[in-house]
S.K.: 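This is the structure I want to talk about, given as structure tokens.
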Amino acid sequence: MPVNVLFAAKPSNWVAQEEPLKDAFKTAGLNVNLAAFQDGTMAPEDVDYMIWSPASAVQDFTPYTRCKAVLSLWAGVERVIGNKTLTQPLCRMVDRGLEEGMVEWVCGHVMRHHLGMDAQILGQNGEWKPHLPPLARNRKVTVLGLGALGSACARMLNAFGFDVAGWSRRQKDLDGITCFSGPDGLQKVLKRSEIVVLLLPNTPETENTLNAQTLSLMPKGAFIINPGRGPLIDDDALLDALNTGQIAHATLDVFRIEPLPGTHPYWTHPNVTVTPHMAADTRLDSSSQVIAENIRRGENGEDFLHLADRTTGY
Ligand SMILES: NC(=O)c1ccc[n+]([C@@H]2O[C@H](COP(=O)([O-])OP(=O)(O)OC[C@H]3O[C@@H](n4cnc5c(N)ncnc54)[C@H](OP(=O)(O)O)[C@@H]3O)[C@@H](O)[C@H]2O)c1
């Protein structure tokens with residue numbers, strides 16, 4: 001009997017993802033009947049696994065009575081984890097492509113601020129202005145969130161030589177990284193943070209992690225890089241801190257409202273860089289392999305990978 005898998009993610013992604021999924025199922029030795037939600041060929045009560053993303057037409061999971069798991073294509077699951085109709089296990093996306101993309105984006109933006117690249121790239125005015133940035137080992141960088149993506153970024157920044165600290169809910173022990181945890185840990189770690197990267201999930205506990213009080217702890221002229229989620233930062237407090245020079249620059253990839261409205265002050269602020277939620281995207285080949293592996297596990301009675309925890313919200 002084939003396993004019935006419903007692709008109920010963003011409909012426009014189906015064309016690109018169908019073949020990589022079929023290849024991954026074949027490689028994993030799975031006999032799968034794969035259908036797209038928009039084709040209407042698979043009845044809800046026949047679905048064994050659902051591939052899902054926030055743009056899905058499926059927001060009521062009640063009819064999917066035999067569905068063994070909902071497999072998210074997104075790493076962040078805040079838009080579905082609180083859905084009361086979702087009683088099935090929810091697996092979030094943790095994949096190599098997402099991780100590599102995030103590491104590249106974060107390291108690129110850290111390097112931009114560390115080396116003061118804007119002065120040369122934007123300031124070609126005929127004036128010879130020598131500038132000697134410190135070496136990475138003399139630059140304190142902090143990653144808030146040491147999960148799949150945060151720990152990968154922290155490790156790569158450490159490999160560049162940066163003096164890296166990290167903060168998480170539970171205490172971590174990562175080679176070469178000074179680890180902090182809990183509310184006290186946040187206060188301590190921010191005091192030493194010249195560049196802060198936010199890679200926390202969006203939960204009630206993480207909302208406004210950076211606010212007027214926590215921003216004031218950072219050394220004057222610090223940099224903020226947020227590829228995590230918009231609500232992690234109190235926007236008004238950040239704008240105030242940018243206007244006083246407490247924060248020198250913020251590079252923001254994620255926002256409370258996306259796309260960021262054209263009238264938002266971030267667009268015109270000279271010390272803000274807006275990027276369009278592009279830090280890391282789920283890659284077709286590697287994400288299809290993760291989905292296939294989870295279906296293989298489900299069919300063999302093994303534990304699913306990357307299960308989201310409804311009690312913590314991530
Ligand atoms: N911009 C983009 O393109 C893009 C792409 C992918 C993902 N993202 C964002 O990146 C986030 C992180 O992804 P991930 O895969 O690394 O998530 P993850 O593996 O779940 O890691 C989350 C980290 O945050 C920590 N954390 C959670 N709540 C906390 C709290 N209250 N206080 C302190 N630390 C807390 C966790 O601590 P513990 O280790 O103790 O659990 C963990 O270290 C996603 O949730 C998503 O919002 C953005």
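Residues take their numbers from the sequence shown, with the count starting at 1.
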S.K.: Is a side-chain N or O of T62 found less than 3.5 angstrom from the main chain of T85, in a donor-acceptor match?
M.R.: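 Here the side-chain-to-backbone pair does not exist.
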S.K.: Count the heavy atoms of every other residue, nucleotide or ligand shown that sit under 6.0 Å from NZ of K188, and state whether that count exceeds 12.
M.R.: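 Incorrect, the count does not exceed 12.
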S.K.: Do other residues, nucleotides or ligands put more than 12 heavy atoms under 6.0 Å from the CG atom of N31?
M.R.: yes
S.K.: Is there a side-chain contact between M50 and L71 (heavy atoms, below 4.5 Å)?
M.R.: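 They are not in contact (no side-chain heavy atoms under 4.5 Å apart), so the answer is no.
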S.K.: Just wondering, do Q17 and S287 contact through their side chains at under 4.5 Å, heavy atoms?
M.R.: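 When only atoms from C-beta onward are counted, Q17 and S287 do touch, with a gap below 4.5 Å.
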S.K.: Please say whether more than 12 non-hydrogen atoms of neighbouring residues, nucleotides or ligands are located less than 6.0 Å from NZ in K220.
M.R.: yes
S.K.: Sub-3.5 Å donor-acceptor pair from the side chain of R92 to the main-chain atoms of G76, do we have one?
M.R.: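 Checking the backbone N and O of G76 against the side chain of R92, no donor-acceptor pair under 3.5 Å is found.
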S.K.: Can we say R66 and D48 salt-bridge, meaning some charged N sits less than 4.0 Å from an Asp/Glu carboxylate O?
M.R.: yes
S.K.: Is there a side-chain contact (heavy atoms from CB on, under 4.5 Å) between C67 and F61? Walk through the geometry before answering.
M.R.: CA-CA 9 Å; C67 178; F61 296 88; over 6 Å; no
S.K.: When you look at CE of M42, are more than 12 heavy atoms from neighbouring residues, nucleotides or ligands closer to it than 6.0 Å?
M.R.: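 Enclosed: over 12 neighbouring heavy atoms sit under 6.0 Å from CE of M42.
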S.K.: Decide yes or no on side chain to side chain donor-acceptor pair (under 3.5 Å) for H113 and T251, but give the supporting numbers first.
M.R.: CA-CA 10 Å; H113 296 308; T251 295; 3.0 Å; yes
S.K.: Would one find more than 12 heavy atoms of other residues, nucleotides or ligands at under 6.0 Å from atom CZ of R96?
M.R.: no
S.K.: Heavy atoms, side chains only, cut-off 4.5 Å: are V32 and P2 in contact?
M.R.: no
S.K.: Tell me whether the count of non-hydrogen atoms from other residues, nucleotides or ligands lying under 6.0 Å of NZ in K84 goes above 12.
M.R.: no
S.K.: Hey, is the main chain of T65 close enough, under 3.5 Å, to the side chain of E45 for a donor-acceptor pair?
M.R.: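 Answer holds: no.
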S.K.: When you measure from the side chain of D234 to the backbone N and O of N208, does any donor-acceptor pair fall under 3.5 Å?
M.R.: no
S.K.: Restricting to non-hydrogen atoms, name the atom on A69 and the atom on F304 that form the minimum distance, rounded to 0.1 Å.
M.R.: CB-CZ, 3.7 Å
S.K.: Can you label the angle between the F255 ring and the Y266 ring as parallel, tilted or perpendicular, going by 30° and 60°?
M.R.: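 If you compare the ring of F255 with that of Y266, the planes turn out tilted.
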S.K.: Provide the closest heavy-atom pair for R170 versus Y314 in the form atom of the first, atom of the second, distance.
M.R.: NH2-OH, 4.2 Å
S.K.: I'd like to know whether R283 forms a salt bridge (charged side-chain N to carboxylate O under 4.0 Å, His left out) with E99, so could you lay out the CA-CA distance, the side-chain angles of the two residues, the decisive distance to 0.1 Å, and finally the verdict.
M.R.: CA-CA 10 Å; R283 304 292 161 151; E99 181 183 308; over 6 Å; no
S.K.: To the nearest 0.5 angstrom, please state how far the OG atom of S216 sits from the CD1 atom of I247.
M.R.: 9.5 Å
S.K.: Are the side chains of W14 and L34 in contact, using a 4.5 Å heavy-atom criterion?
M.R.: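 The answer is yes; the side chains approach within 4.5 Å.
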S.K.: Does any N or O in the side chain of N300 come within less than 3.5 Å of the main-chain N or O of E302, such that one atom is a donor and the other an acceptor?
M.R.: no
S.K.: Any side-chain to backbone donor/acceptor pair from S53 onto L73? Under 3.5 Å, distance only.
M.R.: no
S.K.: Any luck finding a side-chain donor-acceptor pair between D285 and S288 under 3.5 Å?
M.R.: no
S.K.: With rounding to the nearest 0.5 angstrom, report the CG to CD distance, N202 to E205.
M.R.: 10.5 Å
S.K.: Looking only at heavy atoms, which two atoms of P227 and M102 are closest? And how far apart?
M.R.: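 Scanning both residues, the minimum pair turns out to be CB-SD, 3.7 Å.
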S.K.: If hydrophobic clusters are built from ILVMFWY residues whose side chains come within less than 4.5 Å, do V196 and L239 share one?
M.R.: yes
S.K.: Atom OG in S72, atom CZ in R79: separation rounded to 0.5 Å?
M.R.: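 Those atoms lie 10.5 Å apart.
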S.K.: Does some side-chain heavy atom of N158 sit less than 4.5 Å from a side-chain heavy atom of D175?
M.R.: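 No, their side chains stay 4.5 Å or more apart.
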S.K.: Run the salt-bridge test on E299 and R296 with the 4.0 Å N-O cut-off and return the result as yes or no.
M.R.: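 A salt bridge is absent here (no side-chain N lies under 4.0 Å from a carboxylate O).
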S.K.: Go through the steps for H269 and N243 under the test side-chain contact (heavy atoms from CB on, under 4.5 Å), then give the verdict.
M.R.: CA-CA 9 Å; H269 199 290; N243 291 335; 2.8 Å; yes
S.K.: Is it the case that atom CG in D173 sees more than 12 heavy atoms from other parts of the structure closer than 6.0 Å?
M.R.: no
S.K.: Are the aromatic rings of H114 and F162 close, with centres under 6.0 Å apart?
M.R.: yes
S.K.: Looking only at side chains, do T178 and R192 share a donor and an acceptor under 3.5 Å apart?
M.R.: no
S.K.: Look at the side chain of E78 and the backbone N and O of G313, then say whether any donor-acceptor pair between them is shorter than 3.5 Å.
M.R.: no
S.K.: Please indicate whether K10 has more than 12 foreign heavy atoms, meaning atoms of other residues, nucleotides or ligands, lying under 6.0 Å from its NZ.
M.R.: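 Not more than 12 within 6.0 Å, no.
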S.K.: Check V254 against E258 and note the closest heavy-atom contact, atom names and distance.
M.R.: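 It is CA-OE2, 3.2 Å.
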S.K.: Minimum heavy-atom separation for R310 to L86, with atom names?
M.R.: NH2-O, 3.0 Å
S.K.: Atom CG of L232 and atom CG of L238: how far apart are they, to the nearest 0.5 Å?
M.R.: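 Spacing of CG (L232) from CG (L238) equals 12.0 Å.
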S.K.: Distance-only, no hydrogens or angles: does the N226 side chain make a donor-acceptor pair with backbone N or O of R229 under 3.5 Å?
M.R.: yes
S.K.: Given the rule in the side-chain contact (heavy atoms from CB on, under 4.5 Å) test, do L144 and T206 qualify, once you have shown the distances and angles that lead to the verdict?
M.R.: CA-CA 10 Å; L144 302 181; T206 61; over 6 Å; no
S.K.: Got a second to check how far T275's OG1 is from L260's CG, nearest 0.5 Å?
M.R.: 10.5 Å
S.K.: With a 4.5 Å limit on heavy-atom distance, are the side chains of L200 and W167 in contact?
M.R.: yes
S.K.: Check whether any side-chain N or O of Q124 sits under 3.5 Å from a backbone N or O of Q120 as a donor-acceptor pair, and report yes or no.
M.R.: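 Indeed, once roles are kept as given, a pair shorter than 3.5 Å links the two residues.
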S.K.: Evaluate side-chain contact (heavy atoms from CB on, under 4.5 Å) for T214 paired with T209, printing each intermediate quantity in order.
M.R.: CA-CA 7 Å; T214 51; T209 295; 5.9 Å; no
S.K.: Check whether any side-chain heavy atom of Y64 lies under 4.5 Å from a side-chain heavy atom of V58, and answer yes or no.
M.R.: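 Yes, side chains in contact.
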S.K.: Determine the minimum heavy-atom distance between L210 and L190, stating which atoms define it.
M.R.: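 Scanning both residues, the minimum pair turns out to be CD2-CD1, 4.0 Å.
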S.K.: I want to check something: taking the side chain as every heavy atom from C-beta on, are F7 and D39 in contact at a cut-off of under 4.5 Å?
M.R.: no
